[in-house]
Amino acid sequence: MKSNTLLCGIVTMILACLAAPAGARAAPTADARLTYRGFVAGAPVGEATVTVAVVDGRYRVAGDARSNGVLIVFGNWRNRFSAEGRLQGTERHPEAFAYTESDRSKTRRVVVSDGELRVTKNGKLRPTRTAPAFPDLISALFVQPRCDDGQILHTGRHVYRLNRIEHEAASCRFTVIDDDDDSFELDLFLVRHDDLLVPQKIIVRGWLTGWIELMETSAPSRPAQAR
């Protein structure tokens with residue numbers, strides 16, 4: 001099930017999750033370095049470092065996620081990812097998204113740019129496809145995040161639709177439906193880090209419950225007010 005894929009992603013790739021409140025102000029210049037840790041059923045399974053920079057109407061997000069704890073027994077998983085694009089008012093316009101995922105037996109490189117999706121697996125380039133016509137999840141999660149109902153986001157491999165079921169001051173809850181019509185719930189808690197709105201905690205509730213949690217930042221953080 002892709003809920004399991006997303007759960008692993010949330011624990012590592014920062015992790016295949018989504019969305020947050022609308023109306024966040026675009027900072028003319030802002031940057032943050034964020035450290036997350038991932039857990040499944042209470043056991044530590046991964047960690048990630050994410051940097052977010054917004055300068056002169058452009059943004060760039062870059063990160064490095066990796067397995068640790070109990071997952072090391074099953075493989076040395078790692079994912080290096082990035083996303084960039086333009087900001088216009090409160091709207092983001094993604095232009096490129098990429099990640100390189102590796103473990104003990106395979107390496108996969110996914111690149112979305114110029115309207116094309118290119119995948120290289122174990123050094124072999126697969127046929128180029130048309131890129132998804134939706135924002136990538138990294139841009140959606142870390143740049144101008146919003147709590148809108150009916151968002152559609154992609155990871156380069158899978159597409160997810162978010163149906164909002166709850167919306168409070170600093171959190172949102174969604175039912176997430178993947179491209180096989182499997183569904184699960186996702187809770188998102190937000191915090192304002194200087195002039196940036198970022199995830200404080202993301203919980204995925206499927207046949208297992210997993211979450212990522214912000215551990216430390218490069219500047220003081222304070223609770224967000226979702227709109």
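Numbering of residues begins at 1 and proceeds along the displayed sequence. Note: hydrogens, waters and symmetry copies are ignored here, and every other heavy atom, side chains too, is used.
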Heavy-atom side-chain proximity of Phe142 to Arg92 below 4.5 angstrom: no

Heavy-atom pair of closest approach, residues Tyr99 and Arg157: OH-CD, 3.1 Å

Closest approach of Gly89 and Gln144, non-hydrogen atoms and distance? O-NE2, 3.2 Å

Can you tell if the side chain of Leu190 reaches within under 4.5 Å of the side chain of Val198, non-hydrogen atoms only? no

Decide, yes or no, whether a salt bridge links Arg66 with Glu47 under the criterion of side-chain N to carboxylate O below 4.0 Å. yes

Donor-acceptor contact present, side-chain Asp178 to main-chain Asp180, <3.5 Å: yes

Which of Arg161, Gln151, Glu185 passes side chain to side chain contact (heavy atoms under 4.5 Å, CB included) with Phe174? It is Gln151

Whether Glu101 and Arg108 form a salt bridge (side-chain N of Lys/Arg under 4.0 Å from carboxylate O of Asp/Glu) is what I want to check. yes

Are there over 12 heavy-atom neighbours, none belonging to Asn122, within less than 6.0 Å of that residue's CG? yes

For a 4.5 angstrom cut-off between non-hydrogen side-chain atoms, does Val204 reach Phe184? yes

Check whether the side chains of Thr155 and Tyr160 place a donor and an acceptor atom closer than 3.5 Å, and report yes or no. no

When every non-hydrogen atom of Ala83 is compared with those of Asp136, the smallest separation belongs to CB-OD1, 3.6 Å

Any carboxylate oxygen within less than 4.0 angstrom of a Lys/Arg side-chain nitrogen, looking at Arg173 and Glu168? no

Might you point out which heavy atoms bring Thr175 and Ser183 nearest each other, and give the distance in Å? CG2-CB, 4.2 Å

Side-chain donor-acceptor pair under 3.5 Å between Ser102 and Arg78, yes or no? no

Quick one: do Arg164 and Asp148 satisfy salt bridge (Lys or Arg N to Asp or Glu O under 4.0 Å)? Show the steps, please. CA-CA 7 Å; Arg164 190 180 67 197; Asp148 298 348; 5.5 Å; no

Taking it one step at a time, do Ser139 and Leu141 satisfy side-chain contact (heavy atoms from CB on, under 4.5 Å)? CA-CA 6 Å; Ser139 294; Leu141 186 60; over 6 Å; no

When you compare the side chain of Val110 with that of Phe81, does any pair of heavy atoms fall below 4.5 Å? no

Phe134 and Leu153, any side-chain heavy atoms less than 4.5 Å apart: no

Candidate pair Arg118 and Ser113, rule side-chain hydrogen bond (donor to acceptor under 3.5 Å, both in side chains), full reasoning: CA-CA 9 Å; Arg118 296 179 295 278; Ser113 64; 3.0 Å; yes

Verify the neighbour count for atom CD of Gln88: are there more than 12 heavy atoms of other residues, nucleotides or ligands below 6.0 Å? no

Going through the checks in order, is the side-chain contact (heavy atoms from CB on, under 4.5 Å) test met by Ile177 and Asn163? CA-CA 8 Å; Ile177 303 173; Asn163 295 326; 3.5 Å; yes

For a quick test of reading the model, state the closest non-hydrogen atom pair linking Val61 to Ile138 and the distance between them. CG1-CG2, 3.5 Å

Thr35 vs Leu214 side-chain heavy atoms within contact, under 4.5 Å: no

Of all the heavy-atom pairs spanning Gly156 and Arg129, show the shortest one and how long it is. O-NH2, 4.4 Å

Would you check if the side chain of Thr120 reaches a backbone N or O of Gly123 as a donor-acceptor pair within less than 3.5 Å? no

Parallel, tilted or perpendicular, as decided by the 30° and 60° cut-offs, for the rings of Trp211 and Phe39: parallel

Are Arg37 and Glu213 packed together at the side-chain level, in the sense that at least one heavy-atom pair is separated by less than 4.5 angstrom? no

